[in-house]
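To keep things clear, I will list the structure first and then write my remarks on it.
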Amino acid sequence: MRVLGKAGVGLLSAAARAVIPCLWRGKYFSSGKEPVENNAVTPMLRHLMYKIKSTGPITVAEYMKEVLTNPAKGYYVHRDMLGEKGDFITSPEISQMFGELLGIWFISEWMATGKTATFQLVELGPGRGTLAGDILRVFSQLGSVLKNCDISIHLVEVSQKLSEIQALTLTEEKVPLERSAGSPVYMKGVTKSGIPISWYRDLQDVPKGYSFYLAHEFFDVLPVHKFQKTPQGWREVFVDIDSKVPDKLRFVLAPCATPAEAFIQHDETRDHVEVCPDAGVIIQEISERIALAGGAALIADYGHDGTKTDTFRGFCGHKLHDVLIAPGTADLTADVDFSYLRRMAQDKVASLGPIKQQMFLKNMGIDVRLKVLLDKSDEPSLRQQLLQGYDMLMNPKKMGERFNFFALLPHERLHGGSHQRNARQSKPSPSPVAGFSELVWK
Ligand code: SAH
């Protein structure tokens, strides 16, 4: 991991980051028990009531999917919900150091696996493009290391509005974007550093090839099914119209077993579980791709290892929000179950983590990076912003312990492979994976 020293990247990112009174989404909020703050009849509420009246109560997964990504009215589709003026804030929006260290992680993995002549960086749910921008700046700074490598960027994004913001953040404005609404690649351009960049709605459409996959606060917005243990067995939670209060939704339990019950483990001991089949499908796709073509995936999110129960919650204007009130105006999210992701991946690839964000960033050298940036900056407001950002990312009471890092890697990366052998070694000795073990300074 000498790269970091060289990256010295004394550079301060031009974009001022928002700090700090904002709320991050990892905060726990139990659904449906908080006082009603807003009972507006939104277009989404009307749409859902119509749907429930015509075909009956819907699963929480269907509710989440409609509310967040319905192409006409979905929360994510037409707005910028991130940052101070939005509903919640994320790590890359807080500090440039976050994306820079992730950029170093990908380069470190690329070097450890034999420096392929080409790689794709595939980001799922890129938000405002801030994280990709910070990673690309590191790639440029380390141009001498990457000079013979053909890199391309592939963004998987369902939001029209956010894809426009990503393009503004990341692309060279002198090169016009190619748009093609009906095509799986709905937008194409060139980044400010001259790298080809493409947008997709679905991971399936991203070309298969040696790739690094990145998902930060993406898996937590995928729809979950919720189940309650009852004396009759598992019963799925549905969303229905509250017959006693006008224009209000409520949770009900299904009267009999439902198909998604198949996702619950036979030896499950909790009395309430959330399962996310969409996450399983995406993890299987990524794992198959990594096993076939090489690369790695880095997934960062708040979550648990198969231990938590009811984590479904909403955020609006940096406040916790009742998930059933004014749907379409607030973000909905549920903690990621990393034990499920591991199960979905394990036949095809190896996994590492989850480990706490604080530990991962420390192992990646955030303290050294902070010192470099502080030394370069004599503006008090900038120094304060760097220190506050560091505290927000690292403090165990803030994001340091709630957020986790989880990686998928080809089996041979952890257990040794032919490219890592040299003439004197009979046994392969793979280098440690950065971030998941302590950084060794050589
Ligand atoms: N990674 C960013 C943004 C997190 S918010 C950050 O950390 O700042 C979630 C992101 O996922 C948004 O960009 C949202 O539009 C996108 N998204 C939500 N559901 C999606 C889906 N089903 N497919 C692709 N992108 C999705």
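Counting convention: from 1, in listed order, for ligands and their atoms alike. Remember, it's a predicted structure, so these values are computed and weren't measured experimentally.
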Could you tell me which atoms of ligand 1, counted from 1 in the order shown, lie closer than 4.0 angstrom to a heavy atom of [X]?
X: G127; answer: 2 (C), 3 (C), 13 (O)
X: H216; answer: 1 (N), 2 (C), 4 (C), 6 (C), 7 (O)
X: T90; answer: 6 (C), 7 (O), 8 (O)
X: F218; answer: 11 (O), 20 (C), 21 (C), 23 (N), 24 (C), 25 (N), 26 (C)

message: Between F436 and F360, is the ring pair (Phe, Tyr, Trp, His ring centres under 6.0 Å) condition met? List the steps.
response: CA-CA 6 Å; F436 291 86; F360 180 87; 5.4 Å; yes

Is there a donor-acceptor contact under 3.5 Å linking the side chains of [X] and [Y]?
X: E236; Y: H225; value: yes
X: N70; Y: Y75; value: no
X: T90; Y: E217; value: no

task: Report the member of V156, L82, L162 with the shortest heavy-atom distance to atom 12 (C) of ligand 1.
output: L162

field: D367 and Y390: CA distance, side-chain angles, deciding distance, side-chain hydrogen bond (donor to acceptor under 3.5 Å, both in side chains) verdict
entry: CA-CA 9 Å; D367 294 320; Y390 175 93; 2.4 Å; yes

- prompt: Do any nitrogen or oxygen atoms of E157 come within less than 3.5 Å of a nitrogen or oxygen of ligand 1?
  reply: yes

query: Judged by non-hydrogen atoms, does L68 sit under 4.0 Å from ligand 1?
result: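 No, L68 has no heavy atom closer than 4.0 Å to ligand 1.
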
message: Looking at ligand 1, is there an atom of it that comes within less than 4.0 Å of some heavy atom belonging to T69?
response: yes

query: Are Y210 and F119 close enough that their ring centers fall under 6.0 Å?
result: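 Ring centres of F119 and Y210 not closer than 6.0 Å.
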
